[in-house]
Amino acid sequence: QAQLVESGGGLVQAGGSLRLSCAASGRTFSTYAMGWFRQAPGKEREFVAAISWSGRSTYYVDFVKDRFTISREYGKNTVYLQMNSLKAEDTAVYYCAAAAGEGVPQLSSVYRYWGQGTQVTVSS
């Protein structure tokens, strides 16, 4: 059974950094685009970043550009989200997801597999 498990969340002060990991198991996701989404309390889930199956393309939502970096490590079947210069408004549950096919999809409906989420809390 395919499974995505996020880790690396926690409490950090504004301006700090965290690296989230998403470990895939049950199947290889090397031919899947991978994405990160987040959901803050009382808000809808929103797209954060995506990386293509080849790793050659990435896409970021404007409010994380130049602060977050998505990457993947095929040998470990793992995707990362390096988050720097964190702000209080980055506080949310962060989810990773996998989508079959090409490109760097931003719509949550395109993603087939989802992790359970990891909490990121940024104190101001």
Side-chain angles (χ1 to χ4, degrees):
Q1 181 177 356
Q3 189 175 14
L4 301 176
V5 178
E6 302 94 336
S7 62
L11 174 65
V12 64
Q13 289 187 334
S17 298
L18 283 174
R19 188 177 80 156
L20 305 183
S21 299
C22 172
S25 62
R27 67 163 296 141
T28 179
F29 285 90
S30 60
T31 58
Y32 280 66
M34 301 297 294
W36 285 95
F37 291 75
R38 70 186 188 186
Q39 187 167 19
K43 295 187 177 181
E44 294 186 352
R45 188 174 299 186
E46 61 183 358
F47 170 81
V48 175
I51 187 167
S52 62
W53 69 265
S54 67
R56 288 195 289 266
S57 298
T58 58
Y59 187 86
Y60 301 89
V61 69
D62 284 346
F63 54 75
V64 304
K65 281 181 181 178
D66 300 325
R67 297 192 300 125
F68 291 9
T69 302
I70 188 171
S71 61
R72 63 192 304 168
E73 189 170 356
Y74 294 95
K76 293 186 176 181
N77 219 14
T78 299
V79 177
Y80 304 98
L81 185 68
Q82 176 67 43
M83 306 188 296
N84 299 327
S85 302
L86 283 162
K87 305 175 182 180
E89 50 264 44
D90 294 319
T91 294
V93 177
Y94 283 72
Y95 299 88
C96 74
E102 301 288 336
V104 283
Q106 295 111 62
L107 294 176
S108 59
S109 58
V110 176
Y111 289 81
R112 178 177 180 183
Y113 299 101
W114 290 84
Q116 83 291 346
T118 185
Q119 176 70 48
V120 171
T121 303
V122 184
S123 62
S124 57

From [X] [atom1] over to [Y] [atom2], what is the distance, rounded to the nearest 0.5 angstrom?
X      : Y      : atom1 : atom2 : answer
Leu18  : Thr118 : CG    : OG1   : 8.5 Å
Ser108 : Glu46  : OG    : CD    : 11.5 Å
Leu86  : Gln13  : CG    : CD    : 11.5 Å
Glu102 : Thr31  : CD    : OG1   : 10.0 Å
Gln39  : Gln119 : CD    : CD    : 11.0 Å

Counting only N and O atoms by type, is there a donor-acceptor contact under 3.5 Å from the side chain of [X] to the main-chain atoms of [Y]?
X      : Y      : value
Gln106 : Val104 : yes
Tyr111 : Cys96  : no
Thr91  : Val122 : yes
Arg72  : Ala33  : no
Thr78  : Lys76  : yes

Practice task
Compare all side-chain heavy atoms of Glu6 with those of Leu20 and state whether any distance is below 4.5 angstrom.
Solution key: no
Exercise for the section: Would you indicate whether the side-chain heavy atoms of Arg38 and Val120 approach each other to under 4.5 Å? Expected result: no
Problem - Trp53-Ile51 co-clustered via ILVMFWY side chain contacts under 4.5 Å - result: no
Exercise for the section: Determine, using the 4.5 Å side-chain heavy-atom cutoff (strictly less than), whether Phe63 and Met83 are members of one ILVMFWY cluster. Expected result: yes
Exercise for the section: Give me the ring orientation class for Tyr59 and Phe47: parallel if the planes are under 30° apart, tilted from 30 to 60°, perpendicular past 60°. Expected result: tilted
Practice task
Quick one: sort the Trp114 and Tyr95 rings into parallel, tilted or perpendicular, breaks at 30° and 60°.
Solution key: perpendicular
For residues [X] and [Y], report the shortest heavy-atom separation together with the two atoms involved.
X     : Y      : answer
Ser17 : Ser85  : OG-N, 4.3 Å
Ala99 : Val110 : CB-O, 3.7 Å
Ala49 : Tyr60  : CB-CD2, 3.6 Å

Exercise for the section: Determine whether more than 12 heavy atoms belonging to other residues, nucleotides or ligands lie under 6.0 Å from atom CZ of Arg27. Expected result: yes
Handout entry: Residue of the set Trp36, Phe29, Tyr32, Tyr74 for which side chain to side chain contact (heavy atoms under 4.5 Å, CB included) holds with Val79
Key = Trp36
Exercise for the section: Carefully, step by step, assess Glu73 and Tyr80 under the rule side chain to side chain donor-acceptor pair (under 3.5 Å). Expected result: CA-CA 8 Å; Glu73 189 170 356; Tyr80 304 98; 2.9 Å; yes
Exercise for the section: Answer yes when Lys87 and Asp90 have at least one side-chain N-carboxylate O distance shorter than 4.0 Å, and no when they do not. Expected result: no
Practice task
Would you please test Met34 and Leu4 for side-chain contact (heavy atoms from CB on, under 4.5 Å) and show each step?
Solution key: CA-CA 11 Å; Met34 301 297 294; Leu4 301 176; 4.1 Å; yes
